[in-house]
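By convention here, the first residue in the shown sequence is residue 1.
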Amino acid sequence: PETNFTMASDEPSDTTDHKQAIAEALRRARKAEVKLLQYQQKFIEKYGMPQMELVEQLHALKQSLTVDEQKLVCLDEEIHRNNEILKQSSDQLHSLKQELLLEHSRCNAMHLQSSSSSSSSSSS
């Protein structure tokens, strides 16, 4: 019987403490909610949109930049290949030009030689 009497006397105190703890928790929650709303309002004033909307836009921008970066890498590779092709073509043209100049020189030499032998045989 004494134990029940002691427990009964503790109940009102426990209930009061419990109610005070809940009231304090609610007060802290409301204070935090007000601070959060103030933070969100300052964020909107600073960036012109809610934080989650900005995060979504930044995520979409990041994806777009990743795609653009991949395209640029492909274009860079293509430019490199085209530069190699142009270099090879230039080298081949230079070689061909040298061969044509040599052939032209030979033809001129042969023409001069045949002209000089024709003129010396005509003068005899």
Side-chain angles (χ1 to χ4, degrees):
E2 283 184 11
T3 311
N4 289 341
F5 181 72
T6 307
M7 290 173 80
S9 67
D10 285 342
E11 276 184 33
S13 175
D14 286 345
T15 305
T16 304
D17 290 345
H18 187 66
K19 286 180 181 178
Q20 286 175 347
I22 290 175
E24 178 62 21
L26 282 172
R27 187 190 64 73
R28 286 193 315 263
R30 287 184 186 120
K31 186 177 177 183
E33 186 177 24
V34 167
K35 283 187 176 185
L36 181 61
L37 290 172
Q38 289 171 344
Y39 170 79
Q40 289 172 341
Q41 188 58 40
K42 285 180 183 177
F43 192 94
I44 290 171
E45 289 171 10
K46 185 173 183 177
Y47 297 105
M49 66 184 71
Q51 187 174 6
M52 291 310 296
E53 187 177 325
L54 181 61
V55 167
E56 289 172 9
Q57 286 186 7
L58 289 173
H59 183 69
L61 180 62
K62 181 181 176 184
Q63 288 177 328
S64 174
L65 288 173
T66 301
V67 168
D68 288 349
E69 184 180 25
Q70 291 170 347
K71 288 178 184 177
L72 286 173
V73 166
C74 290
L75 288 174
D76 186 53
E77 291 170 355
E78 185 176 343
I79 287 170
H80 183 71
R81 282 191 305 273
N82 288 341
N83 281 339
E84 287 298 313
I85 291 170
L86 286 173
K87 185 181 178 303
Q88 289 174 359
S89 297
S90 175
D91 290 347
Q92 289 172 349
L93 282 172
H94 182 72
S95 294
L96 181 60
K97 179 181 174 184
Q98 294 299 341
E99 288 177 29
L100 289 172
L101 287 172
L102 248 167
E103 185 65 28
H104 181 70
S105 296
R106 283 189 205 129
C107 285
N108 281 344
M110 287 175 41
H111 184 336
L112 286 174
Q113 192 177 32
S114 72
S115 294
S116 67
S117 52
S118 299
S119 55
S120 53
S121 52
S122 352
S123 44
S124 337

Next on the checklist: Would you say Leu58 ends up clustered with Met49 if hydrophobic residues are merged whenever their side chains have heavy atoms under 4.5 Å apart, either directly or through other cluster members?
Outcome noted: yes
Item to check | Pairwise distance CD(Glu56) to CG(Leu61) - rounded to 0.5 angstrom | outcome: 13.5 Å
Checklist outcome for this item: When rounded to the nearest 0.5 Å, the distance separating CG of Leu65 from NZ of Lys62 is 10.0 Å
Next on the checklist: Please check this pair: side chain of Ser64 against backbone of Ala60, looking for a donor-acceptor N/O pair closer than 3.5 Å.
Outcome noted: no
Checklist entry - How would you list all residue pairs meeting ring-ring contact (aromatic ring centres under 6.0 Å, His included) that involve residues 24-64, not counting sequence neighbours? => result Phe43-Tyr47
Can you give me every donor-acceptor pair (side chain of residues 91-112, partner residue at least two apart or in another chain, under 3.5 Å) with its distance?
unit_1: Asp91; atom_1: OD2; unit_2: Lys87; atom_2: NZ; d: 3.4
unit_1: Ser95; atom_1: OG; unit_2: Asp91; atom_2: O; d: 3.2
unit_1: Glu103; atom_1: OE1; unit_2: Arg106; atom_2: NH1; d: 3.4
unit_1: His104; atom_1: NE2; unit_2: Asn108; atom_2: ND2; d: 3.1
unit_1: Ser105; atom_1: OG; unit_2: Leu101; atom_2: O; d: 3.0
unit_1: His111; atom_1: ND1; unit_2: Ser115; atom_2: OG; d: 3.1

Item to check | side-chain contact (heavy atoms from CB on, under 4.5 Å) partner of Gln70, chosen from Val73, Asp68, Thr66 | outcome: Thr66
Under 3.5 Å, which donor-acceptor pairs link side chains of residues 19-28 to any protein atom two or more places apart or in another chain?
unit_1: Glu24; atom_1: OE1; unit_2: Arg27; atom_2: NE; d: 3.2
unit_1: Glu24; atom_1: OE2; unit_2: Arg27; atom_2: NH2; d: 2.5

Checklist entry - Are there more than 12 heavy atoms of other residues, nucleotides or ligands under 6.0 Å from atom CD of Gln63? => result yes
Checklist entry - Which distance, rounded to the nearest 0.5 Å, do you find between the CZ of Arg81 and the CG of Asp76? => result 10.0 Å
Item to check | Euclidean distance, Ile85 CD1 relative to Glu78 CD, rounded to 0.5 Å | outcome: 9.0 Å
